[in-house]
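Every chain is numbered from 1, with letters handed out A, B, ... down the list of sequences. Fair warning: this is a prediction, and the values are worked out from it, not measured in the lab.
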Protein chains: 2
Amino acid sequence: MSRGTGVGSTSEARARLLSTATKIFYAEGIHSVGVDRIIAEAQVTRATLYRHFSGKEELVLAYLDQADRGIRAQTAAAEASSESAPDKVRAVSRSIAEGIRSPGFRGCAFLNAVAEYPDPAHPIHQAVLAHRQWFLDTVTELLARAGCEPADAAGRHLVMLRDGAMAAGCLFDPQLVCDTFLQGVEGLLQARTASAPAPSTTAFPPRA
Amino acid sequence: MSRGTGVGSTSEARARLLSTATKIFYAEGIHSVGVDRIIAEAQVTRATLYRHFSGKEELVLAYLDQADRGIRAQTAAAEASSESAPDKVRAVSRSIAEGIRSPGFRGCAFLNAVAEYPDPAHPIHQAVLAHRQWFLDTVTELLARAGCEPADAAGRHLVMLRDGAMAAGCLFDPQLVCDTFLQGVEGLLQARTASAPAPSTTAFPPRA
DNA sequence: CCTGAGGGAGAACGTTCGGTCTCTTTGAGA
DNA sequence: TCTCAAAGAGACCGAACGTTCTCCCTCAGG
């Protein structure tokens, strides 16, 4: 009844469904949440869910797709915020750290999802692999332009630090995790580049 | 004598149950595996499971406890295999890399479990936190004896690399992940130790 | 001998799961 | 005005979930 005013061509119920699924799947996991819970919280009937998605699996895929788009946009924005290639790497790393520090952080949505779908042939598993491949490629390209040699090894190193930071960010003190991560990135940039252009303030040798 | 589900029980059926649960939970996750599956594969009846464990949750806790004991033993063995403190760090890291390279590797049992139990108050979540705290303390102590300063930052850095390596080890080429991890550990040791030269020229070996 | 615990076999519990169904109401465009 | 897709409401399905139960067999210790 009093649902909404000016309903456009884009389905409002579908948007509510997806945003609710995103919130709950990320916060509580996938297998442990039933569709009853999602339709109740989205204030949508059962039939509406299956009108927009073929099943729970497609809803999960839509959730991951939305997370993927969000991360790509966030990364692009961070990349665009700096001029030099090394500073682009730093900006992307800082945006990752901001995510870890933000309230409600529950780790990497993709690492969490793949822990629940270990079968490599499963569509959800493959969606995670695709996202990770994009991130590795993006970051390797950035490091190459920053003069890191060899760029692929540097890219794997940066991804490894990110994975560790995302995994630990909701298990340890997020601030300490972010500090460790950003120090690691700085060390990586300085050690792998020949010229070693440091941003005057923070260096790898720690403060106190 | 031993009432309830004491750890010291010497029951043959219980051992079969636990080893089967370990295998299946690690390979396929926890929520997605029912007790029917476990009792069938362990060739044990339903009643026998509930004679030894109060429920599925206690079985999961026993699974994690067994994994914890295994990792502690493996770490102790690696530690004992070397003389100098820095070499002990290298030996522990190498044993981690061996695990990642070994067939059937499906990531860190604890990171996988905590992805399915995000609630910090849940006993399973807390078991993961306890294991991680032990590992951080162990590794920090080792790095302190290796002359790393400050040891706590170095410990967090090493744990972050390990977490990243364990997370990626079953998503990328394990060999590349191990190489990246061990290079990261070597760089950490050389950069954080006062005695080592550690100028940024030779901090990270460019290529193995 | 008897006893009693451990285990096998399996029925059954109530709940929740993901998914399908019918029927009605709504609201915007032709 | 009429039409039709979107959405609500909710009954319903078979299966799987974790759990409890009864009954019977076996075998070592008293």
Side-chain angles (χ1 to χ4, degrees), chain A residues 1-22 24-25 27-64 113 116-117 119 122-125, chain B residues 1-22 24-25 27-64 113 116-117 119 122-125:
Chain A
M1 306 302 182
S2 59
R3 253 327 103 223
T5 58
V7 178
S9 59
T10 60
S11 164
E12 190 201 317
R14 193 196 137 101
R16 236 181 310 143
L17 221 24
L18 185 49
S19 81
T20 303
T22 293
I24 302 186
F25 281 152
E28 304 184 26
I30 297 171
H31 285 317
S32 59
V33 175
V35 294
D36 291 17
R37 172 84 185 290
I38 290 170
I39 63 176
E41 213 135 324
Q43 297 189 101
V44 154
T45 58
R46 212 169 193 70
T48 302
L49 195 168
Y50 288 98
R51 209 173 284 125
H52 288 286
F53 303 93
S54 67
K56 185 185 182 181
E57 178 178 315
E58 201 173 280
L59 187 59
V60 175
L61 286 169
Y63 149 58
L64 290 179
E116 299 201 55
Y117 292 89
D119 179 7
H122 196 287
I124 293 176
H125 189 105
Chain B
M1 290 290 187
S2 60
R3 268 293 135 228
T5 58
V7 184
S9 174
T10 56
S11 162
E12 159 72 24
R14 192 197 138 99
R16 236 181 312 141
L17 219 25
L18 185 49
S19 81
T20 303
T22 293
I24 301 185
F25 282 153
E28 302 183 27
I30 298 171
H31 286 316
S32 58
V33 176
V35 295
D36 291 17
R37 174 82 186 290
I38 290 170
I39 63 174
E41 214 135 322
Q43 299 188 102
V44 155
T45 57
R46 214 168 209 71
T48 303
L49 196 167
Y50 288 96
R51 210 173 282 125
H52 288 285
F53 302 93
S54 68
K56 186 184 182 181
E57 179 178 315
E58 202 174 279
L59 187 58
V60 176
L61 285 170
Y63 149 57
L64 290 179
E116 299 202 56
Y117 292 89
D119 179 7
H122 197 287
I124 293 176
H125 188 104

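Per the geometry, CZ belonging to B/Phe53 stands 15 Å off P belonging to D/dG18, to the nearest Å. The interatomic distance linking B/Glu12 (CD) with D/dT26 (P) rounds to 19 Å, in whole Å. Following rounding to the nearest Å, B/Leu49 (CG) and D/dT20 (P) show an atom-to-atom distance of 11 Å. In this structure, A/Leu17 places its CG atom 9 Å from P of D/dG8, rounding to the nearest Å. Atom OH of B/Tyr50 and atom P of C/dG8 are 16 Å apart (whole Å). Put simply, CZ on A/Arg51 is 12 Å from P on D/dA9, counting in whole angstrom units. In this structure, A/Asp36 atom CG and D/dC12 atom P are separated by 16 Å, rounded to whole Å. Going from atom CZ of B/Arg37 over to atom P of D/dC17 covers 10 Å, rounded to whole Å.
Close to D/dA7, at under 4.0 Å from its OP1 or OP2, lies a side-chain N or O of A/Ser11. Between C/dG7 and B/Thr45, no contact under 4.0 Å exists linking OP1 or OP2 to a side-chain N or O.
Counting only heavy atoms from C-beta outward, the side chains of A/Ile38 and A/Phe25 approach each other to under 4.5 Å.
Rounded to the nearest 0.5 angstrom, A/His52 NE2 and A/Leu17 CG are separated by 7.5 Å. Between the OH atom of B/Tyr63 and the CD1 atom of B/Ile30 there is a distance of 6.0 Å, given to the nearest 0.5 Å. In this structure, CD1 on A/Ile39 lies 4.5 Å from CZ on A/Arg46, to the nearest 0.5 angstrom.
Residue contacts for B/Glu57: at a heavy-atom cut-off of 4.0 Å it reaches no nucleic acid atom on any strand shown.
Checking D/dG10, D/dC21, C/dG18 against the side-chain heavy atoms of B/Ala47 singles out D/dC21 as nearest. Distances were taken from every side-chain heavy atom of A/Val35 (C-beta onward) to each of C/dG18, C/dG8, D/dG18; the shortest belongs to C/dG18.
Residue A/His52 is the one, among A/Arg46 and A/His52, whose nearest nucleotide of DNA chain D lies closer to the 5' end (criterion: closest heavy atom).
Counting only distance, with no hydrogens or angles, the side chain of A/Glu116 and the backbone of A/His31 share a donor-acceptor pair below 3.5 Å.
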